[in-house]
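Order of appearance sets the numbers: ligands from 1, and atoms from 1 within every ligand.
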Amino acid sequence: MPGMNLENKITSFRPLILAVLIVLLSGLCTGPARAQADNNPLPHLVTENGRHALIVDGAPFLMLGAQCHNSSAWPAMLPKVWPAIEYLHANTLEIPIYWEQFEPEPGKFDTSIVDTILKQAREHNVRLVLLWFGTWKNGSSHYIPLWMKSQPDKYPRIIGKTGRRVDSPSPHAPPTLAADINAFSAFMRHLKEADTLHTVIMVQVENEPGSWNTVRDYSPEAQKLFMAPVPPELLKAMGANAPIGGGNWSKVFGANADEYFHAWSVAHFIGQVAAAGKQEYPLPMYVNASLRDPLKPGSANTYESGGATDNVLWIWKVAAPAIDILAPDIYQGDTARYRKVLKLYSGPDKPLFVPETRGEGAAARMCFAALGQGTIGWSPFGLDYTKYANINTNRPPGAPRETEATLAPVALNYKILGPIMREVARLNFEGKLQAVAEEKGEPTQTLDFGNWTATVSYGVSPFGYGGVAHGNSEPIGRALIAKIGENEFLVTGAFCRVDFKAASGGQRDFLRVEEGGYEKGTWHPLYIWNGDETDWGLDFSSAPQVLRVSLGTY
Ligand code: DGJ
């Protein structure tokens, strides 16, 4: 720039100088902060090749969870929670945070219970999933603070078709939305400050939202919205199925209009609550769903309408993009329905997480079915030593509380999986793992690994006597097999026999079978299985045993 004076030169370089300064300064400011973040990154979800992982402390993490009873999060009850969690070998406790406790007066937040739970979880070396019992709890709003309950006109319930109020919060009430956003934001803000260690790895927003006893809200405000055009985002998601020019809910969705409208309304409300919370502190967030029958759904007035049932997952995704996972609470007793639910709630755009399920007896084996479907966590409900008996486990009110005996089937899962949970989460994320749960009437299952097929048999006679598998008298078998090398497998399970067949047609040879465990990602063999322990296949009983198996042919 010949002929420019110094002042002009400086002026023309000013933007460049500024940019350099910003880069230098930001380097200075964020250097240590970034280093700290890298050492202790925020729990987050990742998706690669259509598979998902929850990253905790920088690596895939498998939540081996237990959810306590609804009223067990009070400090007086916690001493009855931790011993159960310890006995279970759970690595994650799911526990509610009650809005009524957290905000006893408008705008005044009581963080004492959150802090107590955080402290005690750390003492027990257990991670937390905190459940925000906010506007919705099982379709009602019984956890809103007293100061809200006493103003039912300001924070209204919905109105059913006959004009009667239904015990379910209105998703069309701006004061309720504002209050929930305010409280949930305060909660997440506090977590950010109080939990720099990332003890909390996920947050559930509301609990089984939706409405029982009415398909939607018929209040005047709702009617107005129902007659208004369907939101353009939803039409866009419908692609070619959207009618040209859109229209109101009835025009676009016909017989499904009421249900879809309610799903949109509930999801849109919760999406805003989650987004506000994430602005404070962006932990992974999910919504749990009370399910409809996955095989014979029936009409929307037979299940909780508006929640994330399988038919409206697509609406939830559009209406609540801040929600990372739509998660099924699986109380289905029969395995055909259980497996169907696992399929419906998983996929390349759907990370699977089972936040509530049954854990008693043979039901515990379904943890392995969920793992086979790629789940990032599995967590039965009501596993603590408080007196309340779990109504979902066929035990009548007043039945004895959980004992070590009733918890044992889940404890066995976690004793098997706990020591290898990082490997299991990683291998599942990499698509190398298959896992199965026994099915009644199906004494063998085969798993295809390309050059090898694994056979899992249940109810086999010891050694080779009798030869055939009959199935266990109760279907309690479970197995997990991961391909960790061309001819190498990680194998574990319970109440089953595992064997392999070569695709080449050669006869299987157990070259080396090591029992052992991983420490910080490194395999440590304890001893070698041979003779009776391998001659008939690899037998797993009720002992937690993990094998590394090298195969050959002859
Ligand atoms: C499902 C709910 O999400 C839980 O909070 C609890 O109410 C159980 N049902 C009841 O067993």
Here the atoms of ligand 1 under 4.0 Å from any heavy atom belonging to Asp329 are 3 (O)
query = Does a salt bridge link Lys343 with Asp310, judged by any charged N lying under 4.0 Å from a carboxylate O?
reply = no
I would like to know whether Arg189 and Glu193 meet salt bridge (Lys or Arg N to Asp or Glu O under 4.0 Å); could you show each step before the answer?
CA-CA 7 Å; Arg189 199 160 47 240; Glu193 272 173 30; over 6 Å; no
Asp195 bridged to Arg122 by N-O distance under 4.0 Å: yes
Scanning both residues in full, the closest heavy-atom pair of Ser185 with Gly277 reads OG-N, 4.3 Å
Please verify whether a non-hydrogen atom of Lys137 lies at under 4.0 Å from ligand 1. yes
For Glu208, the atoms of ligand 1 under 4.0 Å from one of its heavy atoms are 1 (C), 2 (C), 3 (O)
Note: ligand 1 atoms sitting under 4.0 Å from heavy atoms of Asn288 are 3 (O)
Inset, instruction - Begin with the C-alpha distance, continue with both residues' side-chain angles, and end with the deciding distance and a verdict on side-chain hydrogen bond (donor to acceptor under 3.5 Å, both in side chains) for Tyr458 and Gln445. - result: CA-CA 9 Å; Tyr458 306 101; Gln445 292 165 328; 2.6 Å; yes
Per-atom filter on ligand 1: closer than 4.0 angstrom to a heavy atom of Asn70 are 4 (C), 5 (O), 6 (C), 7 (O)
A student checking ligand 1 against Asn138 at a 4.0 Å heavy-atom cut-off should list atoms 2 (C), 3 (O), 5 (O), 7 (O)
